[in-house]
Enquirer: 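Pasting in a structure now, in structure tokens, and then I'll have a few things to ask.
Numbers restart at 1 for each chain; the letters A, B, ... are given by sequence-line order, proteins then strands.
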Protein chains: 2
Amino acid sequence: MASTRLDPIDRKILAELQADGRMTNVELAKRVGISAPPCLRRVRTLEEAGYIKGYHAEVDARELGFEVQVFASVGLASQAEADLTAFEDRCRAWPLVRECHMLNGEVDFILKCAAPDLSSFQRFLTGELLTTPNVASVKTSLVIRGAKDEPGVPFDVLEERLASTA
Amino acid sequence: MASTRLDPIDRKILAELQADGRMTNVELAKRVGISAPPCLRRVRTLEEAGYIKGYHAEVDARELGFEVQVFASVGLASQAEADLTAFEDRCRAWPLVRECHMLNGEVDFILKCAAPDLSSFQRFLTGELLTTPNVASVKTSLVIRGAKDEPGVPFDVLEERLASTA
DNA sequence: AAGCCATACGCAATAATATTTCGCTCAAGC
DNA sequence: GCTTGAGCGAAATATTATTGCGTATGGCTT
């Protein structure tokens, strides 16, 4: 489990697989400039070390009938650790809630939700979220349109940073 | 490009590939209950029809040195369409900005940003975002901890919905 | 500085998988 | 009741993944 620092080839592998997770290993090897076997070994190592947490197909939510995306700012009455984790557990159990982040500042949590239509979301909001114990305030914002939605991290920023630190 | 309604097998394929985008086609075929060739044909069709927009490795941002995640609420001075798209174009050009959504309500946009550290983000905030023309207000919220971060859509919700509509 | 060890590479061989081809079946439409 | 088209599965082929092994390279000890 050596926290082996990644070399440039490893970072390239991660960047390529983040951009196209279904690339064949031979294509990946070609792009990063080594032969297929060591490339595959590196990928396996990156997976086992946790640098790669999984692979996912990116599906078109709207085409599938999820017309509505909502950000919800949630404030809790009590911020005791037990109450925070209780709320987080609730969020993990709600399928409509895709993301839940604890924030500093005024609100305690921000939730990103996906729902088939507005009434589905309203039903969730009034029937589930607002009736949850310890939830003091909820402010929802409907997504009018999405301008950018890139998964993962910007590897070019990482490379710039490493170049300057070197 | 018939907007062919998806049958249960197609939906299962999408659900499986969303959960594990690197599953082999034979494994996928086994899970959805058909043989490999038609399964692959379906996957290709789903890709070409745009139901699958891509495949991505999920990388561990923190392990890679992106310690900081920030939500930024942005208000613009002018909401004329040209000004909105101008701002969206800016967001698309900033690598630190991973998501940009236009919202209803008080704020105009919410941005999800990833940065190696706080000073990187501050540099972006003061040097880029705040100096952008037409940006009237920015309120940033640091993510203290992430409780849930599921990519994609909840297919179980979709199935429930189809069951009730049927 | 020479030798040793660990690490990672590439090549070649094998196993598994992807992909194409082909013929069959079923169901809708005429 | 025939025709047509869409979708399936089996078999064959092409591509890819995976394993085993010999070799080079860099760091560390002696």
Enquirer: Rounded to the nearest angstrom, tell me the gap between atom CG in A:L40 and atom C1' in C:dA12.
Expert: 16 Å
Enquirer: Just by distance, do the side chain of A:T132 and the backbone of A:V135 share a donor-acceptor pair under 3.5 Å?
Expert: no
Enquirer: Ignoring hydrogens and geometry, is there a side-chain-to-backbone donor-acceptor pair from A:D108 to A:L76 under 3.5 Å?
Expert: yes
Enquirer: Would you call B:R145-A:E81 a salt bridge at under 4.0 Å N-O?
Expert: yes
Enquirer: Would a distance-only check, ignoring hydrogens and angles, find a side-chain to backbone donor-acceptor pair under 3.5 Å from B:N104 to A:S141?
Expert: no
Enquirer: Check DNA chain C against residues 15-27 of chain A and give the residues with a non-hydrogen atom under 4.0 Å, in numerical order.
Expert: none
Enquirer: I'd like to know if B:L64 and B:V70 are part of one continuous hydrophobic network [Ile/Leu/Val/Met/Phe/Trp/Tyr, side-chain heavy atoms within less than 4.5 Å].
Expert: yes
Enquirer: Tell me whether the side-chain N/O atoms of A:R44 come closer than 4.0 Å to OP1 or OP2 in D:dA17.
Expert: no
Enquirer: Strictly by modelled atom types, are B:Q18 and B:Y55 linked by a side-chain donor-acceptor pair under 3.5 Å?
Expert: no
Enquirer: Report the relative orientation of the aromatic rings in A:W94 and A:F87; use parallel for angles under 30°, tilted for 30 to 60°, perpendicular for over 60°.
Expert: perpendicular
Enquirer: Identify all pairs in which a protein N or O lies below 3.5 Å from an N or O of nucleotides 22-28 of chain D, and state each distance.
Expert:
none

Enquirer: Between the protein and nucleotides 6-9 of chain D, list every N/O to N/O distance that falls short of 3.5 Å.
Expert:
unit_1 : atom_1 : unit_2 : atom_2 : d
D:dC8  : OP1    : B:R42  : NE     : 3.1
D:dC8  : OP1    : B:R42  : NH2    : 2.6
D:dG9  : OP2    : B:S35  : N      : 2.9
D:dG9  : OP2    : B:S35  : OG     : 2.8
D:dG9  : O5'    : B:S35  : OG     : 3.4

Enquirer: Return yes if a side-chain donor-acceptor contact under 3.5 Å exists between B:Q69 and A:H101, otherwise no.
Expert: no
Enquirer: Where is the tightest heavy-atom contact between B:E159 and B:R11, given as atom of each residue plus distance?
Expert: OE2-NE, 2.8 Å
Enquirer: Is the shortest side-chain N to carboxylate O distance from B:R31 to B:E16 below 4.0 Å?
Expert: yes
